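A quick write-up on the structure given underneath.
No experiment lies behind these values; they were computed from the predicted model shown. All values below come from the heavy atoms of this structure, side chains included, with hydrogens, waters and symmetry mates left out.
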Amino acid sequence: MADIEQQARQMLAAEYAQLGYSTGMAESPGTCRLSEAAVRVIAAALRAAPAEDQVHCIRLNINGEWGSFYLREGVSGEGERQNHWCELTCNTSFGTVGYYWGNMGRPAARFLAKIDRGYALNKLWGADAHVFDAEVAMAEARTVILSKRKAGDLNSEQARDRWDDLADHRPTDEFEFREMVCATDWLYAYLCDGHGPIGQVANPQAIGFWEELWPAFIAELVANSEPITLATVKPKPGPMIPSDRLPARAEVL
């Protein structure tokens with residue numbers, strides 16, 4: 001609130017200076033009733049003004065990998081209710097991804113520079129942040145057998161039977177693995193009991209994006225970012241208050 005009022009006083013003082021009047025009437029609260037009314041009108045206009053959006057376009061070419069990052073950010077509200085938002089689109093050699101953050105609590109450069117890999121990739125890549133790996137899935141299925149045998153839930157014969165069940169299958173993709181699960185009662189029951197999915201690993205394309213391009217993007221964004229503030233309302237040419245209504249000297253309250 002105080003910042004907006006101060007900005008309004010500065011704008012009015014600049015107008016007075018252009019007209020040859022004392023700027024003290026605008027800069028010093030309580031000096032002039034007419035000036036105080038003008039400050040209130042200007043401040044109201046500033047509060048109603050939308051925030052200026054900033055647009056960043058960052059293009060990178062690193063070790064044969066390339067990326068075009070388009071980020072639009074802005075701020076709405078004021079004071080404690082000030083809300084920072086941004087929309088990020090990344091068109092890269094690793095894929096095209098994006099996300100909209102509606103309330104970051106700080107400018108985009110500061111916010112994005114602090115997030116970790118898991119959070120960033122889950123937001124940007126969504127469901128594609130992880131992919132299926134058949135070898136990992138089979139290894140995890142064998143780990144289930146060993147864990148249950150160690151816990152005493154299976155005897156040695158039961159554990160061997162389940163191990164042999166897995167040995168009879170060689171899935172190469174997620175479809176074949178699901179077919180195997182449907183044909184294997186104990187594994188099907190295990191996964192339906194809230195233990196799935198298995199075989200999920202970080203998407204290599206997402207990891208490459210994070211390791212090869214993201215650090216350079218953040219460095220460029222931080223280096224080229226400016227503070228986001230409420231839009232400045234520029235007065236129209238000519239005096240904001242008719243000259244014949246301006247006091248010849250300060251009207252003391």
Side-chain angles (χ1 to χ4, degrees), residues 51 53-76 83-144 170-182 187-188 190-226 228:
D53 294 355
Q54 285 189 7
V55 178
H56 308 270
C57 179
I58 298 174
R59 292 184 174 87
L60 303 172
N61 196 323
I62 303 173
N63 298 326
E65 304 293 349
W66 55 266
S68 295
F69 295 77
Y70 303 95
L71 185 145
R72 185 168 65 95
E73 64 172 314
V75 61
S76 58
N83 174 41
H84 293 267
W85 58 267
C86 86
E87 181 180 13
L88 174 63
T89 301
C90 316
N91 181 25
T92 77
S93 53
F94 295 102
T96 299
V97 296
Y99 192 73
Y100 171 81
W101 282 272
N103 189 357
M104 301 179 293
R106 67 197 73 176
R110 289 172 52 198
F111 174 78
L112 295 176
K114 295 294 184 180
I115 61 178
D116 60 27
R117 186 183 81 174
Y119 176 85
L121 298 187
N122 283 333
K123 294 299 185 184
L124 290 170
W125 291 75
D128 293 329
H130 295 83
V131 295
F132 180 80
D133 187 302
E135 291 185 5
V136 172
M138 292 300 287
E140 291 179 1
R142 287 190 286 269
T143 299
V144 172
R170 296 286 190 277
T172 59
D173 56 31
E174 190 170 10
F175 177 77
E176 291 181 357
F177 180 78
R178 289 183 177 181
E179 282 191 325
M180 184 200 77
V181 169
C182 291
L187 185 55
Y188 180 85
Y190 174 82
L191 294 178
C192 289
D193 196 29
H195 298 285
I198 61 175
Q200 298 295 311
V201 298
N203 187 336
Q205 295 300 313
I207 298 301
F209 166 86
W210 174 264
E211 294 180 349
E212 295 290 339
L213 298 178
W214 187 260
F217 161 65
I218 293 298
E220 287 291 326
L221 180 63
V222 170
N224 293 285
S225 291
E226 298 179 357
I228 304 291

Checking [X] side chain against [Y] main chain: does a donor-acceptor pair fall under 3.5 Å?
X: Asn122; Y: Ala129; value: no
X: Glu73; Y: Gln54; value: no
X: Asp133; Y: Glu135; value: yes

Is [Y] close to [X] at the side-chain level, that is, under 4.5 Å between some pair of heavy atoms?
X: Leu221; Y: Ile58; result: yes
X: Thr89; Y: Tyr100; result: no
X: Phe209; Y: Leu124; result: yes

Output the distance between atom [atom1] ([X]) and atom [atom2] ([Y]), rounded to the nearest 0.5 Å.
X: Ile198; Y: Leu191; atom1: CD1; atom2: CG; answer: 5.0 Å
X: Gln200; Y: Phe132; atom1: CD; atom2: CZ; answer: 7.5 Å
X: Leu60; Y: Phe217; atom1: CG; atom2: CZ; answer: 8.5 Å
X: Ile62; Y: Glu211; atom1: CD1; atom2: CD; answer: 12.5 Å
X: Leu121; Y: Tyr99; atom1: CG; atom2: OH; answer: 13.5 Å
X: Met138; Y: Thr172; atom1: CE; atom2: OG1; answer: 11.5 Å

Go through the side-chain N and O atoms of Glu220 and His56 and say whether any donor and acceptor fall under 3.5 Å apart.
no

task: Inspect the surroundings of CZ in Phe175 and state if more than 12 heavy atoms from other residues, nucleotides or ligands are less than 6.0 Å away.
output: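 12 or below, so no.
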
Heavy-atom closest contact ([X] atom, [Y] atom, distance):
X: Met104; Y: Cys86; result: SD-SG, 3.6 Å
X: Ser93; Y: Gln205; result: O-OE1, 4.3 Å
X: Cys57; Y: Tyr70; result: SG-CE2, 3.3 Å
X: Trp66; Y: Asn91; result: CZ3-O, 3.3 Å
X: Val131; Y: Pro204; result: CG2-CD, 4.0 Å
X: Leu213; Y: Phe69; result: CB-CZ, 4.0 Å

So the salt bridge (charged side-chain N to carboxylate O under 4.0 Å, His left out) pairs with at least one residue in residues 85-102 (sequence neighbours excluded) are Arg72-Glu87

Please tabulate, for the side chains in residues 106-120, all donor-acceptor contacts under 3.5 angstrom to protein atoms that are two or more places apart in sequence or on a different chain.
unit_1	atom_1	unit_2	atom_2	d
Asp116	OD1	Gly118	N	3.4
Asp116	OD1	Tyr119	N	2.8
Tyr119	OH	Trp101	NE1	3.0

